[in-house]
Amino acid sequence: MNFAVGFKSLAGDTQTMDNLEKQLICPICLEMFTKPVVILPCQHNLCRKCANDIFQASNPLWQSRGSSSVSSGGRFRCPSCRHEVVLDRHGVYGLQRNLLVENIIDIYKQESSRPLNTKSEQHLMCEEHEDEKINIYCLTCETPTCSMCKVFGAHKDCEVAPLTSIYKRQKSELSDGIAMLVAGNDRIQAIITQMEEICKSVEDNSRRQKQLLSQRFDSLYNILEERKKELLQSITRQQDEKLQYVRGLIRQHGDHLEVTSKLVESSIQSMDEPQMAAFLQHAKELIKKITDMSKVSTIDRPDPGYENMDHFSVNVDYVSEMLRTIDFHSVASGEEEEDLLDTEEGETVLEEEKSEPTDGH
């Protein structure tokens, strides 16, 4: 059904009063504040009944908690600015009343000849019966209509109800819906806040685990470097021992060679002696020295393969395979210290293996 909108002229209707009335509208029920009016910490105002509706919707278990001897408060968000309002055990009754706003409402009622709600000043007029106001509600067609339409018009066979009762019922349903939406938004905001905290925790935990992982790999690097240094020292140590031994033999052979060379030279000179008597004076001694030198010519020499250093080969295949299989594993909070202890014991075993003597020559 189509409507035409008509407006009654009201005495004292000024722009100032209109602006004042807009400031006195509750953001929940969309009507002028109903006393008592409470002021929130964010300085916005609500009817205490509307504030209680939002509070109850956001804290459905508060009443059962309030029945105990030691009860706690709750919280909800301001519908105007979304600021979180934290209440004590008194609930909304612990909020301070805004007496200034209540006094302004009283003055407004005295000075204004209009009804409290601006919307009530507007009267929908029936388009079929131009002089009739829309004053009833057709329950069958779910639309407002006038009394003449019910008696003579299109709604004469329909079920109707007073416009005021339907208005109050749907206004109450809308108010409850708003409160539910506000409470739902609070819960969603709480979930969002919780998920944001989860994101922060993920970043912090990842940063910590990266640091721990780097520290443990650095520890492995240090163990490998230390072990490499010790093994290189073992090779160098046996190299020096072998070189010292072989060079000692070289000196012995050199000394022997020098003695025999001089003996050969003396023997050749004796061979050139033309006098037999003179030759015989030195020949027996020379023959004895040559015989003795022949007997001591068997000087020690290194065994075959003495120069070989292959016994210092290191098989790292199994270690390489183990390192390649390093991976993450779940550690329960109660087992983390045990894991750290196992790591320290493993490092102790490696240190004991380092201290074992290396095979010599």
Flag the pair [X] and [Y] as a salt bridge only when some basic side-chain nitrogen lies within less than 4.0 angstrom of an acidic carboxylate oxygen.
X      : Y      : value
Lys262 : Glu265 : no
Lys200 : Glu197 : no
Lys49  : Asp53  : yes
Asp186 : Arg75  : no
Lys229 : Glu226 : no

*Between Phe55 and Phe76, what is the ring plane arrangement, given parallel below 30°, perpendicular above 60°, and tilted in between?*
perpendicular
[X] atom [atom1], over 12 foreign heavy atoms within 6.0 Å:
X      : atom1 : result
Arg324 : CZ    : yes
Glu285 : CD    : no
Met180 : CE    : no
Glu173 : CD    : yes
Glu84  : CD    : yes
Gln275 : CD    : no

_Flag side-chain contact, heavy atom, 4.5 Å: Phe33 against Asn98_ = no
For [X] versus [Y], what's the shortest heavy-atom pair and its separation?
X      : Y      : answer
Phe279 : Glu273 : N-CG, 3.7 Å
His155 : Thr145 : CD2-OG1, 3.4 Å
Gln238 : Phe312 : OE1-CE1, 3.3 Å
Gly94  : Asp88  : CA-OD1, 4.3 Å

*Under 3.5 Å, is there a donor-acceptor pair linking the side chains of Ser219 and Arg216?*
no
